[in-house]
Colleague: 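Pasting a structure below so you can have a look.
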Amino acid sequence: MSTAKTSEPTEVAEHTEPATYDVHAAQEKWRPVWEALDPFRALDDGSKPRRYALTMFPYPSGDLHMGHGEVLALHDVLARYWRLRGYDVLNPIGWDSFGLPAENAAIRRDEHPAVYTYANIEVQAESLRRYAVSFDWSRRLHTSDPDYYRWTQWLFLRFREKGLAYRKGSYVNWCPNDQTVLANEQVVGGVCDRCGAVVIKRELTQWYFRITSYAQRLLDDMSLLEGCWPERVLAMQRNWIGRSEGAFADFAVEDPDGRPREPLRVFTTRPDTLFGATFMVVAPESALAAELVSDEQRAAYEAYLIDTQRATEIERLATDRPKTGVFLGAYATNPTTGQRVPIWAADYVLADYGTGAIMAVPGQDQRDWDFAVAHDLPIVRTVQPPDEFDGEAYAGDGVAINSTNDEISLDGLGVDEAKARIAEWLETAALGERTVNYRLRDWLLSRQRYWGCPIPIVHCTDCGEVAVPDDQLPVELPYLSGTDLIPKGTSPLAAATDWVQTSCPRCGGDAQRDTDTMDTFVDSSWYFLRYCSPGYDRGPYDPEVVNRWMPAANYFGGAEHAVLHLLYFRFFTKVLHDLGMLDGLEPTESLINQGQVINLGRAMSKSLGNGVDLREQIDTYGVDAVRLTMVFAGPPEDDVDWADLSPSGSLRFLQRAWRLARDVTAPVDADVATGDVGLRRVTHRTVHEVGQLLESRRFNVAVARIMELVNAARKTIDAGPGGSDAAVRESAEVVAQLLSLVAPYTAEEMWAALGHQPTVATTSWPEVDEALLVAESVTCVVQVQGKVRARLDVPPDVDTATLEQLALADEHAQRAIDGRPVLRVIVRAPSLVNVVV
RNA sequence: GCUCCUGUAGCCCAAUCGGCAGAGGCAGACGGCUUAAACCCGUCACAGUGUGGGUUCGAUUCCCACCAGGAGCACCA
């Protein structure tokens, strides 16, 4: 055995083996091996601690792109790392396969949306397998499968039973291009998030989820995510939910003909300025406006309403546009001053925030100031601005003025005190109350499109809205294709008359099915739960199994979902918790938003012609080199510019690593203790550090450490013993294992070259010999006045006093001290001494 | 306009508790291998950390102001 250790193999190797391996052949070679071994299936048998690695599932539009390449590479490093660390890893994959692009493609190509959808899914699935993401394919799901959307419908019905899904008429966002309504979250800067068309408002009856009743909990439970989710996402959600504390105040109102009617309730965050409310404004499209308007003003109001509705969201959003409005001919009474104040309608007041009406306090609110100036309304300051203040409305802190009546005086109080005092007064006088308002609106979930989950409701002439009984789910989509799907402003489902006409589940009479489908964000709000027990048929998931895996240990995905999917799936999680179907309160422990892949400084786009194709990159450099490039590019949350990167450099490194394994001649059972200690130290330190780096998700630095190890091993080979040193074998094995997280094909090639059976992916994390982590000696820097003057080689455990003596005795240090008295010596053993003179 | 993040070598990025500014890579120069080139191997150079101040024995790191770039929000009463 000992004779086999010596030189004979190296010479043979040089002449017969190529200096590189064929990356593409390796891809062909290992895929079937892995598929046969099936090493990535989650066991869920309790033999190991469980860990759930979740990544946002793809939408099947065409093949995977560079963005997928990045997030999947990063995500897979974590999943594979946990597996080596001995966890039972759940790493599932599926498709978010309902949605508009498939429907639009179906119209273009005159076919059924499923054709496009499932063809793309197959293309992507093939690419994912080639990309060697360690998914458990046995759990694959598609949200457009009846087996899946049956349970989306089932969940909708449970929400409805709890009063969390309901229908109401309201002014809603309408995309004229996609011919469907949109949720608030899907309107960005006044345009459709998906197609960029300018959104308009229409009054329609639609389905909503009552997410607003979870506003406070969505806010409060962020404390559980603090430090584990990116601060940016939490900030955006906090901002979106938009909690504001204030009070309702009731203003007595008389009809145009002088009769008293129900008071006008407003929400304000500044109840302390109530004395300064000199007029009121209601949203023009609110029912309130139509009720209050006098006969003389009706024509003017109606003209204004039409103008408002014609205005697009973009125009309404422009901050500097003049404040328009119309007097309604009605008056309210300021409860503090008893003054009669006019009521106006103006489009700077929103119908769906607060009560749709405000008290206007021009002295302290710039918008009201602008309006007052434009329409010649009185302005009264109720907070004293500072002397140097030269603005118009004053919104800052200061003492109250002009705020006294027979019952109460706020004068002289600061804003906070005044707020508390007036709120008390409002409450005792039954004129209002303290309250909290949220910017968050209910989630509009119905869509007038075909390729989505049908809403399982039947409308009966006698019974009204009736839920489809659970045992009749799923309500499957009728077969429609091509021109049937052309948007007509109503749901395409309405045209499927045979499907629409049904009998009422309650009374058996004639009834019509609801013809809207659900927003696809509903589908994606619970898919991560379905993964846990994919075949389960007694509910959307098996709660017992789900509670074993949830919450997901990490969630990878793009930041563009910060207030969409990431808010919705938190909402679902909380509702399911309240339904007793889920233990946890939050869906994932940690979240990483990967950056975008850009090229030449800009987002890739067809019009700029700077697109990079993932498949082409893989064809050129191989899967491993592309994955490595993505992981090594920088911190995961940073944008990566493909033009700054070098997939060819990555490939070069992988070949170098592979050559290391090829050059190993020490036998599998060589006694590693006999190996080069210097290299062994590097090897063990690398394992230790890479472990720490991966725990803190610093993937790029971890790769750099692996590169260092390869360099160190190469140096050892070149320096003396060649590949026969047992330490070289040890380092090559460690490289193969660490590299298996990033470059699975290369790692497998190395593992085989080292004489091992596949697969390296299921080995266990190399054990670190603590003794080898301690350096033989360390360099101690000796500073004088903070400047480095000398370096000393000292034992790592040197004590403070000894080190101080050594440092002061050093001739370079003495020269720098130059005879001056030593005032202070700071010693940080073993690495630094600073002498202060 | 408001909020948040980021500024380190020609470029991408390290420096974990305030302690030697450089781990890794790209691009580059030189040398070796080669008939030659590519590949491969080796060696080398390049910044004092956006700017100005402060705290400290010591600041890339902490604090303040400013500049630049990026992201988010923007009539929410």
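Per chain, numbering begins at 1; letters A, B, ... match sequence-line order.
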Colleague: If you measure from the P atom in A45(B) to the same atom in A23(B), how many Å do you get, rounded?
Modeller: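 Here A45(B) and A23(B) have their P atoms 12 Å from each other.
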Colleague: Show me the protein contacts with nucleotides 39-46 of chain B, counting only N or O atoms at under 3.5 Å.
Modeller:
from, atom 1, to, atom 2, distance (Å)
C40(B), O3', R659(A), NH1, 3.2
C41(B), OP1, R656(A), NH1, 2.6

Colleague: Considering residues at least two apart in sequence or located in another chain, which fulfil the side-chain contact (heavy atoms from CB on, under 4.5 Å) criterion with A713(A)?
Modeller: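 In terms of side-chain contact (heavy atoms from CB on, under 4.5 Å), with neighbours along the sequence ignored, A713(A) is linked to L660(A), L679(A), S731(A).
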Colleague: Please give the nucleotide sitting opposite C44(B) as a Watson-Crick or G-U wobble pair, both distances under 3.5 Å, or none.
Modeller: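 Matched C44(B) with G28(B) under the 3.5 Å cut-off.
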Colleague: Give me the atom names and distance for the closest heavy-atom approach of T269(A) to K419(A).
Modeller: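 Taking every non-hydrogen atom into account, O-CE, 3.2 Å.
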Colleague: Give none if C39(B) has no partner; otherwise give the nucleotide forming a Watson-Crick or G-U wobble pair with it, both distances under 3.5 Å.
Modeller: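 Its partner: none found.
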Colleague: D644(A): what forms a side-chain contact (heavy atoms from CB on, under 4.5 Å) with it, not counting sequence neighbours?
Modeller: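 So D644(A) forms a side-chain contact (heavy atoms from CB on, under 4.5 Å) with D641(A).
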Colleague: Ring-plane angle category for F248(A) and F267(A), please: parallel below 30°, perpendicular beyond 60°, tilted otherwise.
Modeller: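 Ring orientation of F248(A) relative to F267(A): perpendicular.
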Colleague: When you compare the protein's N or O atoms with those of nucleotides 4-12 of chain B, which come within less than 3.5 Å of each other, and at what distance?
Modeller:
from, atom 1, to, atom 2, distance (Å)
C11(B), O2', D644(A), OD1, 3.3
C12(B), O2', A633(A), O, 3.1

Colleague: Contact class for R789(A) vs. all strands (heavy atom < 4.0 Å): base, sugar-phosphate, or nothing?
Modeller: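 Nothing, no nucleic acid heavy atom in range.
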Colleague: Compare all side-chain heavy atoms of M707(A) with those of V710(A) and state whether any distance is below 4.5 angstrom.
Modeller: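 No, their side chains stay 4.5 Å or more apart.
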Colleague: Output all residues satisfying side-chain contact (heavy atoms from CB on, under 4.5 Å) with P647(A), sequence neighbours left out; order by chain, then residue number.
Modeller: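 Partners of P647(A) under the side-chain contact (heavy atoms from CB on, under 4.5 Å) test: Q617(A), Y621(A), T629(A), W642(A).
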Colleague: Can you tell me if the side-chain N/O atoms of N239(A) get under 4.0 Å from OP1 or OP2 in G72(B)?
Modeller: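 No, no such contact exists.
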Colleague: Please enumerate all residues that pass ring-ring contact (aromatic ring centres under 6.0 Å, His included) together with Y438(A), with sequence neighbours excluded.
Modeller: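 Expected list: none.
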Colleague: Which value, in whole Å, describes the distance between the C1' atoms of nucleotides G31(B) and U16(B)?
Modeller: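 About 39 Å, rounded to a whole number of Å.
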Colleague: Just to be sure I understand the rule, does S648(A) reach a base, reach only the sugar-phosphate, or reach nothing, if contact means heavy atoms closer than 4.0 Å?
Modeller: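 Counting heavy atoms under 4.0 Å across all strands, no contact is made by S648(A).
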Colleague: For Y208(A), give me all partners under ring-ring contact (aromatic ring centres under 6.0 Å, His included), at least two apart in sequence or on another chain.
Modeller: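 For Y208(A), the residues satisfying ring-ring contact (aromatic ring centres under 6.0 Å, His included) (neighbours in sequence not counted) are Y166(A).
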Colleague: Rounded to the Å, how far apart are Q596(A) CD and G70(B) P?
Modeller: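 Nearest whole value for this atom pair: 14 Å.
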Colleague: Identify the nucleotide, in any strand shown, that forms a Watson-Crick or G-U wobble pair with C73(B), with both distances under 3.5 Å; if there is none, say none.
Modeller: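 Pairing partner: G1(B).
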Colleague: Of the nucleotides C73(B), A14(B), G19(B), which has the atom closest to the L832(A) side chain?
Modeller: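 Between C73(B), A14(B), G19(B), the one nearest the side chain of L832(A) would be G19(B).
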Colleague: Pairs under 3.5 angstrom, nitrogen or oxygen only, protein versus nucleotides 56-58 of chain B, please.
Modeller:
from, atom 1, to, atom 2, distance (Å)
C57(B), OP1, R824(A), NH1, 3.2
C57(B), O2, N834(A), ND2, 2.3

Colleague: Once you apply the 3.5 Å cut-off to both distances, tell me the Watson-Crick or G-U wobble partner of G7(B), or none.
Modeller: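 By the stated definition (distances under 3.5 Å), C67(B) pairs with G7(B).
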Colleague: Tell me the salt bridge (charged side-chain N to carboxylate O under 4.0 Å, His left out) pairs involving residues 231-243 of chain A, sequence neighbours left out?
Modeller: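 Matches after skipping sequence neighbours: E226(A)-R238(A), E231(A)-R238(A), R243(A)-E245(A).
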Colleague: In whole angstrom, give me the gap between the P atoms of G72(B) and A29(B).
Modeller: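 My reading of the P atoms in G72(B) and A29(B) gives 41 Å.
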Colleague: Under the rule for ring-ring contact (aromatic ring centres under 6.0 Å, His included), what residues qualify as partners of H812(A), not counting sequence neighbours?
Modeller: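 With neighbours one apart ignored, the set is empty.
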Colleague: Taking ring-ring contact (aromatic ring centres under 6.0 Å, His included) as the test, write out the residues that go with F371(A), two or more places apart.
Modeller: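 Result, ring-ring contact (aromatic ring centres under 6.0 Å, His included) vs F371(A): F279(A), W344(A), Y348(A), H375(A).
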Colleague: Rounding to the closest angstrom, what is the interatomic distance between C63(B) and G1(B) at atom C1'?
Modeller: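 Comparing C1' positions in C63(B) and G1(B) gives a spacing of 26 Å.
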Colleague: Nearest to the side chain of E708(A), heavy atoms from C-beta on, is which of A77(B), C75(B), G24(B)?
Modeller: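 Shortest atom-to-atom distance from the side chain points to G24(B).
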Colleague: Write down the distance separating the C1' atoms in C67(B) and C75(B), rounded off to the nearest Å.
Modeller: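 Taking atom C1' in both C67(B) and C75(B), they lie 31 Å apart.
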Colleague: If the condition is side-chain hydrogen bond (donor to acceptor under 3.5 Å, both in side chains), which residues does E708(A) pass it with, not counting sequence neighbours?
Modeller: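 E708(A): side-chain hydrogen bond (donor to acceptor under 3.5 Å, both in side chains) contacts with R705(A).
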Colleague: Roughly, in whole Å, what's the span from CG in D352(A) to C1' in A77(B)?
Modeller: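 After rounding, the reported distance stands at 13 Å.
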Colleague: Would you mind telling me which residue lines up with the more 5' stretch of RNA chain B, R441(A) or V703(A), judged by nearest nucleotide?
Modeller: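 The residue mapped nearer the 5' terminus is V703(A).
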Colleague: For G58(B), which nucleotide in any strand shown is its Watson-Crick or wobble partner with both distances under 3.5 Å?
Modeller: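 Looking at the geometry, G58(B) pairs with no nucleotide.
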